[in-house]
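Labels below follow one simple rule: chain letters A, B, ... track the order of the sequence lines, proteins then strands, and each chain is numbered from 1.
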Amino acid sequence: MALLEIQDVTRRFGDFTAVDKVSLSIRAGEFFTLLGPSGCGKTTLLRMIAGFDVPDGGAILLDGEDLAQRPPEGRPVRTVFQSYALFPHMTVQGNIAFPLKMARTPAADIPAKVEEALADVRLTGFGKRFPHELSGGQRQRVAIARALVTHPTVLLLDEPLAALDAKLREEMQIELINLQKEVGITFIYVTHDQTEALALSHRIAVMNKGRVEQIDEPDRLYGLPRTRFVAEFIGTCNLLTGPVTGSADGVVTVDVPDLGPVRVSAQGAQATRPEGAVAVRPEKVRLHAPGSAPARDNHFTGAVTGFLYQGDVTVYMVRSERGHTLEALLANSGSGLAKFFEVGDAVELSWPADAGHFIDG
Amino acid sequence: MHKRAPAWLGKWLVSGPPLLYLVVFFAVPSLIMVLASFRTPGEFGGLAPLVDESGAVDLTLDSYTRLLSEPLYAEIFVKSFWYALVTTVVCLVLAYPLATLIAKSERRHRDLLLLLVILPFWSNFLIRVYAWMIILGPNAALARAVNGVLALFGHEPVPLLFSAFAVLVCLVYVHLPFMVLPLYANLEKHDQSLLDAAQDLGASAWQRFWRITFPLSLPGVYAGSALVFIPAFGIFAIPDILGGPDDSLIGNVIKQQFLETRDWPFGSVLSLVLTVLALALAGLAAWIGQRGVGRLASGDA
């Protein structure tokens with residue numbers, strides 16, 4: 001039995017359907033992420049779990065109990081807001097003690113619990129400070145400590161790292177993973193940042209236009225995207241679409257205009273529609289000097305039209321003979337300065353059938 | 001090439017005119033009053049000459065000893081304090097929900113609602129006070145209704161006009177906008193996410209108000225209270241027009257000293273004491289407020 005059951009939840013704002021018959025089940029102790037572009041309904045869904053918004057249809061069950069009749073203050077669910085929403089007129093201690101007081105914790109027990117929560121987020125000694133005396137990362141941790149101090153069943157995090165700079169964000173990601181392991185509380189995390197989602201989560205639900213596109217573990221989501229949207233939203237992807245021209249021995253052939261026939265392992269997927277797509281990650285596309293490519297299932301010639309040198313890797317844009325642009329990623333793992341191809345160089349591209357992934361429809 | 005004007009020039013250009021205004025129309029008159037409070041009243045009002053016929057400088061503490069030796073004046077100060085305090089508290093209680101309502105209403109309605117709050121300023125202050133004479137008059141509907149109800153319980157009819165009630169009602173009416181506006185200005189800036197967070201953390205509607213909204217609105221409460229209390233403390237027109245014989249406040253006594261008794265030194269003393277008391281009370285309130293905020297903040301409250 002899942003801890004949190006979201007059953008056919010729908011939310012409309014006028015003509016706009018923000019959340020459209022979403023069903024999810026989230027297990028106890030899980031780090032679950034709702035991932036999607038802005039306006040995909042992920043924050044609306046989060047607000048409905050917290051109780052700030054009410055579904056127009058469907059039910060939200062926590063431990064088997066329908067939450068519909070429970071106001072936000074009566075749910076064993078806490079939220080870490082994007083803006084942190086720390087009370088500016090209270091010290092860090094006052095902020096963290098707030099939910100304890102609301103829960104009528106005996107006054108004698110409060111200081112110890114506050115100290116414990118501060119230690120959990122590595123802010124021991126900061127209790128007497130006011131929020132405006134803290135850095136962004138510290139405020140973030142106070143918000144988390146305040147939400148965790150009463151040991152809620154579920155912690156909701158609404159883009160909590162969005163306001164932090166890249167370096168700090170990475171630090172906080174590691175801290176969040178450790179914290180979640182430590183406290184064992186179910187985290188439901190909302191973000192539009194796919195790398196963050198991949199790094200943090202046990203499972204991810206990718207949302208688009210109010211619907212869930214795919215729910216999976218991060219590696220499966222990246223490796224086996226079920227829809228074109230997921231393939232393109234998670235990481236970068238060469239999405240090669242065209243009519244399906246053959247399907248035999250577990251290999252599907254898609255005739256991509258401007259490129260040619262592309263062969264891909266079906267890996268369980270069935271070609272049920274006349275159109276299909278092949279998703280090939282740039283790092284799986286091999287790049288060779290002309291004439292040196294080994295015989296592979298897919299082999300094309302083209303010319304480099306541009307590249308982005310990113311230090312550890314270089315991303316090459318290659319235009320095929322017939323005019324399709326593909327991305328290929330080359331790790332700069334060799335010794336010395338890495339520079340393989342220049343703009344205009346003729347190159348060959350290749351990848352085995354099982355490097356790609358077939359998307360039906 | 002342009003030469004940049006020195007920074008001090010800009011500072012003085014901006015702050016000079018208001019400073020000059022305050023010196024000429026506040027500091028200098030205040031000093032004149034301080035001086036006047038130590039002088040002897042003239043035979044026919046005004047002030048006796050500073051240097052008398054014998055050539056001695058005529059400065060005296062008589063007016064101050066009079067204030068201290070006649071308890072009547074202290075009593076009037078205390079009475080004025082209570083009237084001003086009741087006015088401030090009633091204004092606060094009435095203005096808080098109103099300011100909240102305006103702050104929470106849709107943006108396009110706010111201007112209209114604010115306009116309605118300041119609409120009374122479009123007519124003259126005295127006219128508005130006289131209007132209350134009609135509203136509270138013995139033959140007006142209000143007095144008839146009140147006395148009709150009282151008669152049902154076998155009670156003698158009571159006059160509404162020329163009473164402490166009339167004075168307080170009008171004091172509240174006149175000063176209400178001065179409480180509403182600073183409260184609105186404060187409440188309008190409140191961040192909804194703080195209330196969401198409080199609710200999420202288990203706070204009921206009352207707790208959200210008492211622990212979040214109210215403490216954060218205290219600057220507005222102080223500003224409004226000062227704007228109501230200080231003028232109400234020294235008011236004379238309203239008790240003059242709507243009050244009974246027992247409703248004379250310190251403002252009336254000061255006016256009387258200057259215009260009727262023509263004892264300028266004693267009037268100056270009363271005026272100065274009024275000013276000092278008002279400033280001291282405002283300072284005290286701010287100090288208590290600061291401590292209160294601190295207590296709520298550290299979580300001891």
Side-chain angles (χ1 to χ4, degrees), chain A residues 43 46-47 49-53 70-105 107 110-111 113-114 127-133 142-143 145-150 152 154-158, chain B residues 92 96 99-100 103-104 106-108 182-225 285-301:
Chain A
T43 296
L46 198 77
R47 287 179 64 83
I49 299 170
F52 291 116
D53 212 335
R70 287 233 210 169
E73 61 266 39
R75 299 185 181 199
V77 170
R78 295 279 182 262
T79 309
V80 175
F81 291 85
Q82 188 171 358
S83 62
Y84 314 146
L86 297 181
F87 307 129
H89 57 302
M90 296 184 195
T91 57
V92 168
Q93 275 175 350
N95 267 280
I96 298 175
F98 187 84
L100 292 169
K101 280 182 196 155
M102 296 303 109
R104 305 199 176 282
T105 309
I110 289 179
K113 283 174 189 279
V114 169
K128 299 276 184 221
R129 300 229 192 148
F130 279 92
H132 67 87
E133 295 168 326
V142 174
R146 186 177 70 173
L148 284 176
V149 70
T150 49
V154 175
L155 185 71
L156 307 176
L157 301 106
D158 185 8
Chain B
L92 182 61
Y96 209 107
T100 305
K104 297 224 172 202
E106 278 183 64
R107 195 158 282 279
R108 63 201 165 94
L183 271 179
Y184 161 78
N186 173 286
L187 290 168
E188 189 254 347
K189 287 184 300 206
H190 283 208
D191 179 359
Q192 177 62 32
S193 75
L194 294 182
L195 294 178
D196 282 354
Q199 189 175 15
D200 188 74
L201 296 166
S204 65
W206 166 251
Q207 287 166 326
R208 295 198 291 276
F209 170 76
W210 182 242
R211 301 234 177 217
I212 310 296
T213 305
F214 186 70
L216 287 175
S217 72
L218 283 178
V221 171
Y222 296 142
S225 298
W287 184 69
I288 291 172
Q290 284 291 322
R291 283 171 48 105
V293 173
R295 230 179 46 235
L296 278 174
S298 60
D300 299 337

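B/L216 and A/P88 make their closest contact through CD2-CG, 3.8 Å (heavy atoms, listed as atom of the first residue, atom of the second, distance). Closest heavy-atom contact between A/E73 and B/S204: OE2-CA, 4.2 Å. Heavy atoms only, all atoms of each residue included: A/R78 and B/G202 are closest at NH1-N, 4.3 Å.
Here the CG-CZ distance, from B/L195 to A/F87, works out to 8.5 Å after rounding to the nearest 0.5 Å. Put simply, CE on A/M102 and CG on B/D200 are 13.0 Å apart, with the number rounded to the nearest 0.5 Å. Here CZ of A/F81 is found 5.0 Å from CG of B/D196. Values are rounded to the nearest 0.5 Å.
Note: A/A85 leads A/P71, A/A103, A/A85 in heavy-atom pairs under 4.5 Å with chain B.
Proximity to chain A (any heavy atom under 4.5 Å) is shown, for B/Q199, by both the backbone and the side chain. If you measure heavy-atom distances from A/V92 to chain B, you find no contacts under 4.5 Å at all. For A/L100, no part lies near chain B; criterion is any non-hydrogen pair under 4.5 Å. Only the side chain of A/S83 comes within contact range of chain B, judged by heavy atoms closer than 4.5 Å. Contacts between A/R75 and chain B at a heavy-atom distance below 4.5 Å are absent for every atom of the residue.
The closest side-chain heavy-atom distance from A/M90 to B/I212 is below 4.5 Å.
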